[in-house]
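Worksheet: the structure to be examined is printed underneath.
Convention: sequence-line order gives letters A, B, ...; per-chain numbering from 1.
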Amino acid sequence: MLGHCGQTAKSTTRRPTFATRFHNPRTMLQVSVLREQTDRVLAGLAKKHYPTGPEDVAAVLDLDQRRRALQTRHDDAQAEANDLARQIGALMKSGDKAGAEALKIRTTELKQHTKATADELTQVEIGIQQLLYKLPNLPHASVPAGRTAADNEVVREHGAKPDLYAGAQPHWELIKKYDIIDFELGIKVTGAGFPVYKGQGARLQRALINFFLDEARAAGYTEIQPPILVNEASGYGTGQLPDKEGQMYHDAADNLYLIPTAEVPVTNLYRDEIIAVEKLPIRNAAYTPCFRREAGSWGADVRGLNRLHQFDKIEIVQITQPEHSYAALDQMVAHIESLLQKLGLPYRVLRLCGGDMGFTSALTYDLEVWSAAQGRWLEVSSASNFETYQANRLKCRYRAEGGKTQLLHTLNGSALALPRIVAALLENNQTADGIELPEVLHSYCGFGRIG
RNA sequence: AGAGAGGUGGCAGAGUGGUCGAAUGCGACGGUUUCGAAAACCGUUAUACCGGCAACGGUAUCGGGGGUUCGAAUCCCCCCUUCUCUACCA
């Protein structure tokens, strides 16, 4: 008999899984988009070099059809059960015990059916969700075709590469020479990739942070100081979970993650919110330390400050109405460029190709500065428009004309990440007598030259 | 960290097994009235999903999850969180 099913209930000491906590599918691409613009979706997935687009989209559409049929069936059964329950209540009240018992037979039977339908519905929803989690965002029309970094489009280049004097050195030598950043001490205290900034090195960090924050505020961004540990729901909200789990440091005791970027806590501020139109666009800037395990990253390119487990970054985040998001992206890039110009660093702006851009992005510009002693470009910022991809997970909406809620667009960019900026500042501005810092930093640092 | 009390709609705040998606008040919006405004009066005022061209109908949601029951805001279990007292600390 099925009547004993209550006793087989599993122990409830286990944390509920993501799927049970968020019963409704929190999708990334919207099913409605897959359904209504199938061709566009398939073309977009192909441009991103997603291998199994046609199969996965067909599978989602198939499951979605089943989901809707099940939902209808389930709702109808529930409606009948609710109606019977009301009748039983009325019969009980009027003293007709026998009549009530008669109806209970039907309602008990109905319950078994609805339970089966509900379980199936949950399975189908989980299936849809798992497939959607696999699908990357669709690229914007302007994204160049291509597979690797070599296919990225150079949008523009600014500033002249400096000619270094004969004794010029890469930054990992300069930091030792002037004793401003100490990797050995970091290794002793923590491990590789956790540098210790000392004296003028520490003051330069603080100067850059203040400079970037002040510039962001002047450009209309509200400063936020968020937590640097986040919970699991936030990790899912911005898409670090489930796919990039291994890249974040995790505190198992409390199930919290150290943030890899301020994007995570700041964007999640707006999770499950319906934002009033008057408050749009949201413009936030936040300084935080960032933590990345960088599992599996080695090689010559990661020497010195090029790649760290802990570093400082100022992040800018915007949330806009869909029709304004690309103007906002241009504005963000312009702001980042203005920072690089004020610091006097030669840079270039890249539009990433379909194969090189991030999973969640619709359009990404990378900004790279010229590292004179290393003789190569270093990525110091990445600015992206996620359109509704993140907002769909976040349930971040506004009320459009006519009272309907509609997903917003989310964007973010680094403005800026410190280590590679420091590397370029040290290398590009070195002289025989020391390192001449750009004018704009003098008052922030309290000095104009290192050495 | 220990003890106790709470978490209900935009806000305040009722509701301790049925007719409760939820009284009442405030706020907001629309209307009547007015030369205009205030006041008064009338009405509207959550989100998501399913069906429907639509009108509309159905389902779910009272911090989150699970359970008991024909039926749960209400009873039971777990988790989160707020307040008070104690302990501790910056």
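Atoms CD1 (A/I128) and C1' (B/C49) sit 12 Å apart, rounded to a whole Å. Across the protein-nucleic acid pair, A/E80 atom CD and B/A60 atom C1' stand 18 Å apart, rounded to whole Å. Look at CZ on A/R271: it is 17 Å from C1' on B/A48, rounded to the nearest Å.
For A/R399, whose side chain is taken as the heavy atoms from C-beta onward, the closest listed nucleotide among B/U47, B/G58, B/C70 is B/U47. Among the nucleotides B/G51, B/U59, B/C70, the one closest to the side chain of A/I88 is B/C70. For A/K111, counting side-chain heavy atoms from C-beta on, the closest listed nucleotide (B/G58, B/C49, B/U69) is B/U69.
OP1 or OP2 of B/G51 sits under 4.0 Å from a side-chain N or O of A/R68. In terms of phosphate contacts, A/R106 brings no side-chain nitrogen or oxygen within less than 4.0 Å of OP1 or OP2 of B/C70. Under 4.0 angstrom from either OP1 or OP2 of B/G51 there lies no side-chain N or O belonging to A/Q71. In this structure, A/N82 does not reach the B/G71 phosphate: none of its side-chain N or O atoms is under 4.0 Å from OP1 or OP2.
Nucleic acid contact class of A/R397 (heavy atoms, under 4.0 Å, all strands): sugar-phosphate only.
With respect to the salt-bridge test (charged N to carboxylate O, under 4.0 angstrom), the residues A/K342 and A/E439 do not qualify.
Although no hydrogens or angles enter the test, the distance criterion places no donor-acceptor pair under 3.5 Å between the side chain of A/T107 and the main chain of A/L103. Remark: the backbone N or O of A/V230 is not paired with any side-chain donor or acceptor of A/S234 at under 3.5 angstrom. Proximity of a side-chain donor or acceptor of A/S361 to a complementary backbone N or O of A/L363 within less than 3.5 Å is detected.
Using the Watson-Crick or G-U wobble rule with both distances under 3.5 Å, B/U61 pairs with B/A46.
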